[in-house]
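Computed from heavy atoms alone, side chains included, the values below leave out hydrogens, waters and symmetry copies.
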Number of protein chains: 2
Amino acid sequence: MELTERQQEVLDAALALLVERGEAPTMNAVAERASCSKETLYKWFGGREGLLTATVQRQASQVQGLPVPESGVDEEVLRTSLVQFARNWLRTITGEASIALNRLAVGEAGIEGRALGRIVLENGPLAMRRRLEPVLEAGRDAGLLDFADSEEAFRVFFGLVVRDTQIRLLLGDAKRPSRQAIDDHAVQATAQFFALFGADHRGADGRRRKT
Amino acid sequence: MELTERQQEVLDAALALLVERGEAPTMNAVAERASCSKETLYKWFGGREGLLTATVQRQASQVQGLPVPESGVDEEVLRTSLVQFARNWLRTITGEASIALNRLAVGEAGIEGRALGRIVLENGPLAMRRRLEPVLEAGRDAGLLDFADSEEAFRVFFGLVVRDTQIRLLLGDAKRPSRQAIDDHAVQATAQFFALFGADHRGADGRRRKT
DNA sequence: CGGGCATCGTACCGTACGTTACGGTACTGC
DNA sequence: GCAGTACCGTAACGTACGGTACGATGCCCG
């Protein structure tokens, strides 16, 4: 859906309220915050459901970015890509807006007919996977990585990067990691991933190699 | 809080409704399902908040179990403990009730004054950590593991075990792993953990060793 | 047997909120 | 100038739901 400037402002207001109050804002609250009439909200977004969906969709689609090389990778480039990826991802999921959005989406995901969970899932973990797997496969093609199943490799990387950070934040743990901690951990998680899947190390672990 | 048989039935009804409908049940619905009067609900649990809290608390406290040896461990015992731990944890978080409960807790975690998020956090990730860290430290004391920070080690183990499984399920991904897949992965995650933190391997990775 | 107690079923109250309706205002094109 | 359009502000409607009140029913205990 194409959005005018004014409509974006409305969604900004909705998101701000969502972050502040911790729950889906009421139509009244959005209208007041955005200084628009409720009738306009209904005209533009169809109703509460549409308004929240539009809010989530716009924010979720902004998680994009960070194009990664898929050909001609060497160890340095691959490592840097993964570190950047990890850092970027951690910054995203520890952000206030992302936490609020994920809480909303998770809270609704069990209800028949609601789309927020699907949207966040598609633009979150699944989008990360779609963008990362080609990178991993390029690394394998270049002889830098060694794994049989790229989905498995992705999931391990995800686990090493995210660990218990996201679920703890979603459950209300107040301790958000600092910028520095995130940067450090991005490097560390990437190193651990290389330790498990780097082609230059012997496989002294439980992963399945190609052979 | 001590709970009578009848009160447990009421909480069973509340949990069943929560799982079925995907959202917190109404007081009317619980009363009808449990064949009790609303007045009784308010008398027993104080109100909606108390009822939901009691429901979550009871279920969350059942995640206990699996005592693990902390002294005299050898490699086999330690490995088995970790595999069991991983398997147990994965079965829990992929269960229908756990998913519904976590959705409820996450959805409320951002709202001032709600306790569900804290309860699930305490009985979930934090409880896992409290029970696992002594095991890891026992493994280190026995010369089987090598890490500087037991919290770090725990978090890596958590990541290797849970990966993106939980967040995807919470967001509504329908593909729950089979029993077999869980068992297999518990073994694999443990092997990967040993590859990173086993004392008998050289550290060709990014973790910090004691020295 | 009879009074107290716990619980059920149901009716009721107040409020929050999604949704709709409508009058008023500014801007645009003819 | 004037119709048409878009939007704002506010009032009103309907419903869902948390919470309360109350009579009816069964049970325990003296």
Side-chain angles (χ1 to χ4, degrees), chain A residues 1-57 100 103-105 107-108 110-116, chain B residues 1-57 100 103-105 107-108 110-116:
Chain A
M1 173 162 57
E2 307 283 329
L3 293 173
T4 69
E5 190 78 20
R6 186 75 179 102
Q7 286 169 335
Q8 305 253 4
E9 284 178 30
V10 170
L11 297 187
D12 286 340
L15 180 62
L17 284 170
L18 172 61
V19 172
E20 287 170 19
R21 313 188 359 168
E23 59 191 331
T26 67
M27 299 298 276
N28 266 322
V30 174
E32 186 176 356
R33 174 74 157 246
S35 295
C36 74
S37 77
K38 288 206 279 180
E39 189 168 12
T40 302
L41 292 185
Y42 284 91
K43 182 175 181 182
W44 283 348
F45 303 103
R48 180 182 162 81
E49 177 83 15
L51 173 63
L52 293 179
T53 301
T55 304
V56 170
Q57 200 138 41
R103 282 191 182 134
L104 180 61
E108 293 208 345
I111 307 172
E112 187 81 19
R114 298 290 171 77
L116 298 187
Chain B
M1 173 162 54
E2 306 282 330
L3 292 173
T4 69
E5 190 78 20
R6 185 76 178 102
Q7 287 169 335
Q8 304 252 2
E9 283 177 32
V10 170
L11 297 186
D12 286 339
L15 180 61
L17 283 170
L18 172 63
V19 171
E20 286 170 20
R21 313 186 1 167
E23 58 191 330
T26 67
M27 300 299 278
N28 270 319
V30 174
E32 185 176 0
R33 174 73 156 247
S35 294
C36 73
S37 76
K38 285 208 288 178
E39 190 168 12
T40 302
L41 292 185
Y42 283 92
K43 182 175 182 183
W44 284 350
F45 304 103
R48 176 183 164 81
E49 178 83 14
L51 174 64
L52 294 178
T53 301
T55 304
V56 169
Q57 202 137 38
R103 283 194 182 131
L104 180 61
E108 294 207 344
I111 306 172
E112 186 82 18
R114 299 288 171 79
L116 298 187

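In terms of modelled atom types and a separation under 3.5 Å, the side chain of B/R48 and the main chain of B/Y42 share no donor-acceptor contact. Remark: side-chain polar atoms of B/Q7 are paired, donor with acceptor, to backbone N or O of B/T4 under 3.5 angstrom.
A straight line from CD of A/E9 to C1' of D/dC7 spans 13 Å, rounded to a whole angstrom. Atoms CG (B/L41) and P (C/dG9) sit 11 Å apart, rounded to a whole Å.
With C/dG9, D/dC7, C/dT7 as the candidates, the nucleotide lying closest to the side chain of B/S35 is C/dG9.
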Atom pairs and distances, donor-acceptor, side-chain atoms in residues 26-36 of chain A, under 3.5 Å, two or more places apart:
unit_1 : atom_1 : unit_2 : atom_2 : d
A/T26  : OG1    : A/A29  : N      : 3.0
A/N28  : OD1    : A/K38  : NZ     : 3.3
A/R33  : NH1    : A/E20  : OE1    : 3.4
A/R33  : NH2    : A/E20  : OE2    : 2.6

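Between B/E108 and A/R103 there is no salt bridge, since no side-chain N of the basic residue sits under 4.0 Å from a carboxylate O of the acidic one. By the 4.0 Å N-to-carboxylate-O rule, B/R21 lies too far from A/E112 to be salt-bridged with it.
Atom OG1 of residue B/T53 and atom CG of residue B/L116 lie 5.0 Å apart, to the nearest 0.5 angstrom. Within the model, atoms CG of A/L18 and CG of A/L11 stand 12.0 Å from one another, a figure rounded to the nearest 0.5 Å.
Between B/T40 and C/dT7, a side-chain N or O to OP1/OP2 separation shorter than 4.0 Å is absent. In terms of phosphate contacts, A/W44 brings no side-chain nitrogen or oxygen within less than 4.0 Å of OP1 or OP2 of D/dA6.
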Please write out each protein N/O paired with an N/O of nucleotides 16-23 of chain D under 3.5 Å, distance rounded to 0.1 Å.
unit_1 : atom_1 : unit_2 : atom_2 : d
D/dG18 : OP1    : B/R48  : NH1    : 2.6
D/dG18 : OP2    : B/M27  : N      : 2.9
D/dG19 : OP2    : B/Y42  : OH     : 3.3
D/dG19 : OP2    : B/R48  : N      : 2.9
D/dG19 : N7     : B/K38  : NZ     : 2.9
D/dG19 : O6     : B/K38  : NZ     : 2.5
D/dC22 : N4     : B/E39  : OE1    : 2.0

What are the atom names and distances for every N/O pair under 3.5 Å that joins the protein to nucleotides 27-29 of chain C?
none

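Closest non-hydrogen pair, A/V10 versus A/F45, comes out as CG1-CE1, 3.9 Å.
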